[in-house]
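Naming convention: chains lettered A, B, ... in sequence-line order (proteins, then strands); numbering from 1 in each chain.
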Amino acid sequence: MKYSLPKSERLHAEKSIKELFEKGSSFFLYPFKIVFWVGEGLEDTANQVLFSVSKKKIKKATGRNYIKRRLKEAYRLNKALLPPTGLLLGFVFVGEAKMSFGELEPKMKLVLQKLPNELSKNLGKHDSKN
RNA sequence: GGUGCAAGUCGUCUUGCCGCUCCGAUUUAUCGGGGAGGAAAGUCCGGGCAACAAAGAGCGCCAUACUUCCUAACGGGAAGGGCUUUGAUUGGUGACGGUCAAAGUACAGCUAGUGCCACAGAAAACAAACCACCUUUGGAAAUGGCCAAGACUUGUCUUGUGCACCUACCAGAGGAAAGGGUGAAAAGGUGGGGUAAGAGCCCACCGCCUCCGCAGUAAUGGGGAGGGCAGGGCAAACCUUAUGGGUUGAAAGAUCAAAUAGACCUCGGGCAAAGAGCUGCUCGUUCGAUUUCUUUUCUUCGGAAAGGAAUUCCGAGGUGGGUAGAUCGAUGGAGUCUUGGUGUGAACCAAGAUCGAGAUAAAUGGCAAGAGCAAUUGCUGCAUUCGAUUCGUUCGAAGAGAGUAUUGCAACAGAACCCGGCUUACAGACUUGCACUUUUU
RNA sequence: GCCGACGUAGCUCAGGGGUAGAGUACUUCCUUGGUAAGGAAGGGGUCACGGGUUCAAUUCCCGUCGUUGGCU
């Protein structure tokens, strides 16, 4: 497994982002809100992910950059915990202050371990409805 | 040496592993190279660039405002001038003036107009009224005053059908514009003369105004002559004058353009002769052609015949608009550095060298090691100092610097089209200047 | 990225050069057996911050900070 995060694995298309936030499910795990969506017709493409830090929570641009960079690193190093394809993911940082990489990485691991469970629950709901 | 202020410069470095982004090579996965700031910030000015019809004019609106210069331009900068404040010193009775230094200065025009100036104060802007002042006319005598007489305690009291003089008081006429406690500000100031009282009424000085030379590119400076003096302050009040600005901003704008739907064009095909009406559709039924345009011929001018085109469905291809998206705009420029020259300076000129981020749901990072720096605390306790002492020493305390351990790498802050400024933020280090202070010589 | 508006008592807002006000909230008293309502009295302000103009600034001018709205 490569510890890389090229542009094809980052979520940048406006349409996909709209789809994620309008249709996707979410859960909280401090200091994140995680939004996810199993895209239709994306079974063959890699997971795409985006990171968001609110201007309301972190006032300075330097602080927002600081956190986003560390989030990307944490995801990059631990993304092997996820199934490799078909997911749209959004990490919204809801913490109030700067956090170091040492604090953020364990949280990210927790999230990535928890995500498959949430995913299967969600899929189950879909099936029962249909 | 320390502290403070001001100005300026810098504002961590190296290596390894794993990543991000751009460029170039081979080649499709690797390799090589580049990758945040002095403010990238605030968005306060100016310019480039782009679109808007023309980009011109007028009105409006906005901005600027001592002079000269720099500049692509500016509300920026440089130099100079004036003014204000403070300090030192000096001249004068005084109003105030001279010299030096520092700091500040949005510094055109209230003798174009309009407006405002609370409270207090007689009055806040045409100078008038009021109080007080002076002259004069008339009245008046309780209390003052004066006069007369008397008394004695000889400087006081008493008395008066007292009032000519002085004067309080009342009324009238005139003079004068100096004084009037206030206020931020009071109608030029100070000193003297003068007068019934006064007044630039007169004189000297200070200030002011007008005119004329001189010096300076100019702001302005300095000199002379004249004028008794008009003109309170506020334009970061409206406004006037001069100058500048067309508006909107890269989310400007340009190019390419998938899929789907619809528009137009071409070709092919379907059909009982195309098709039309009824119908949501199908079946069926009715009409057996119709409509429009055009050309030609005939005509009894009503039409008739012939030819072409259109109208329908299906399929294919194409065209243009344009969404997602992509590319350009967009990073070689009023560029940076060095040297030389010109200029008081901002800056300009010449020569040489050099290329230094280009992202777009938005790169420039993470982890580790080392160096360097800083901090505090602990430990070691050598130079040195102090105290005690059994004085060849020993003990205790302080301890610059050094060693070691620990922690941190900072502050302010992240390019978003690009430049020139301004403003604001900034741990720490260094340099220069000034002020204060301490020590030594 | 670009362009605006606002900041005044605990809260919601007036005031646009001359001692800062309203409603509500708060405190005390009256009223009531007690509470609410009502009545009376009172306290409470760095007018966001820093400069400047002016005799005088919440008001005018400049800068800073914060809040908030619009533009795809």
Side-chain angles (χ1 to χ4, degrees):
Chain A
M1 188 69 202
K2 282 188 176 164
Y3 299 114
S4 66
L5 189 63
K7 190 164 177 179
S8 59
E9 297 186 22
R10 298 200 301 266
L11 188 51
H12 58 272
E14 193 181 339
K15 281 173 73 178
S16 305
I17 293 167
K18 269 187 183 170
E19 199 179 345
L20 171 65
F21 279 97
E22 283 174 7
K23 301 180 182 172
S25 313
S26 66
F27 63 94
F28 282 90
L29 195 155
Y30 186 83
F32 306 114
K33 177 190 181 187
I34 295 94
V35 185
F36 61 96
W37 174 245
V38 183
E40 293 169 19
L42 296 173
E43 288 79 11
D44 297 331
T45 56
N47 291 337
Q48 294 192 320
V49 65
L50 73 78
F51 304 92
S52 174
V53 181
S54 168
K55 201 172 186 177
K56 296 241 170 177
K57 301 280 185 187
I58 310 289
K59 297 283 183 190
K60 307 268 187 191
T62 40
R64 293 196 295 277
N65 273 344
Y66 183 93
I67 289 171
K68 284 172 84 170
R69 281 170 180 157
R70 276 147 190 78
L71 287 182
K72 278 187 228 170
E73 285 294 316
Y75 178 81
R76 179 174 72 80
L77 295 172
N78 295 294
K79 66 175 182 174
L81 297 166
L82 281 179
T85 60
L87 266 179
L88 299 183
L89 270 176
F91 290 84
V92 179
F93 185 81
V94 295
E96 294 288 345
K98 270 192 184 179
M99 298 175 84
S100 70
F101 185 77
E103 294 172 276
L104 282 170
E105 202 193 4
K107 300 278 186 184
M108 177 60 78
K109 278 186 178 169
L110 272 179
V111 169
L112 295 183
Q113 283 162 1
K114 189 179 176 185
L115 197 56
N117 298 332
E118 293 283 332
L119 212 57
S120 58
K121 257 199 274 176
N122 212 256
L123 285 173
K125 276 184 201 169
H126 270 284
D127 293 342
S128 63
K129 270 181 193 173
N130 296 342

Do any side-chain nitrogens or oxygens of A:Thr62 fall under 4.0 Å of OP1 or OP2 in B:G414? yes

Identity of whatever pairs with [N] - Watson-Crick or G-U, under 3.5 angstrom:
{"N": "B:A199", "value": "none"}
{"N": "B:C367", "value": "B:G16"}
{"N": "B:U182", "value": "none"}
{"N": "B:U376", "value": "none"}
{"N": "B:G24", "value": "B:C31"}
{"N": "B:A351", "value": "B:U338"}

Which nucleotide in the set [options] lies at the smallest distance from any side-chain heavy atom of [X]?
{"X": "A:Leu77", "options": "B:U21, B:C18, B:A36", "value": "B:C18"}
{"X": "A:Arg10", "options": "B:U21, B:G365, B:C18", "value": "B:U21"}
{"X": "A:Lys72", "options": "B:A361, B:A36, B:A363", "value": "B:A363"}
{"X": "A:Pro6", "options": "B:C20, B:G414, B:G19", "value": "B:C20"}
{"X": "A:Phe101", "options": "B:G414, B:C20, B:C367", "value": "B:C367"}
{"X": "A:Ser4", "options": "B:G19, B:C18, B:A361", "value": "B:G19"}

Without decimals, in angstroms, what is the distance between [X] [atom1] and [N] [atom2]?
{"X": "A:Arg76", "N": "B:G365", "atom1": "CZ", "atom2": "C1'", "value": "8 Å"}
{"X": "A:Glu9", "N": "B:U21", "atom1": "CD", "atom2": "P", "value": "11 Å"}
{"X": "A:Tyr66", "N": "B:U364", "atom1": "OH", "atom2": "P", "value": "14 Å"}
{"X": "A:Arg64", "N": "B:A362", "atom1": "CZ", "atom2": "C1'", "value": "13 Å"}
{"X": "A:Ile67", "N": "B:G414", "atom1": "CD1", "atom2": "C1'", "value": "14 Å"}
{"X": "A:Lys7", "N": "B:C22", "atom1": "NZ", "atom2": "C1'", "value": "12 Å"}
{"X": "A:Tyr75", "N": "B:C367", "atom1": "OH", "atom2": "P", "value": "20 Å"}
{"X": "A:Arg69", "N": "B:A359", "atom1": "CZ", "atom2": "P", "value": "16 Å"}

Parsed dot-bracket for RNA chain C after applying the Watson-Crick and G-U rules with both distances under 3.5 Å and | for other-strand partners is ((((((((.[[[[.)..(..]]]].(((((.......))))).....[[[[[..)....]]]]]))))))).

Just verifying a value: how many Å separate A:Leu11 CG and A:Ser52 OG, rounded to the nearest 0.5 Å? 11.5 Å

Distance in Å, A:Leu112 CG paired with A:Leu89 CG, rounded so as to fall on 0.5 Å steps: 8.0 Å

Evaluation steps, side-chain contact (heavy atoms from CB on, under 4.5 Å), between A:Phe91 and A:Met108: CA-CA 10 Å; A:Phe91 290 84; A:Met108 177 60 78; 3.7 Å; yes

Between [N] and [M], how far is it from one [atom1] atom to the other, in whole Å?
{"N": "B:U344", "M": "B:A351", "atom1": "C1'", "answer": "26 Å"}
{"N": "B:C49", "M": "C:U59", "atom1": "C1'", "answer": "43 Å"}
{"N": "B:U220", "M": "B:G109", "atom1": "P", "answer": "10 Å"}

Toward the 5' end of RNA chain B, by each residue's nearest nucleotide, A:Leu5 or A:Glu73: A:Leu5

Name the orientation of the base relative to the sugar in C:G43: syn if the glycosidic angle is within 90° of 0, else anti. anti

Could you check B:G213 for me: syn (within 90° of 0) or anti? syn

Who pairs with A:Glu73 by salt bridge (charged side-chain N to carboxylate O under 4.0 Å, His left out), at least two apart in sequence or on another chain? A:Arg76

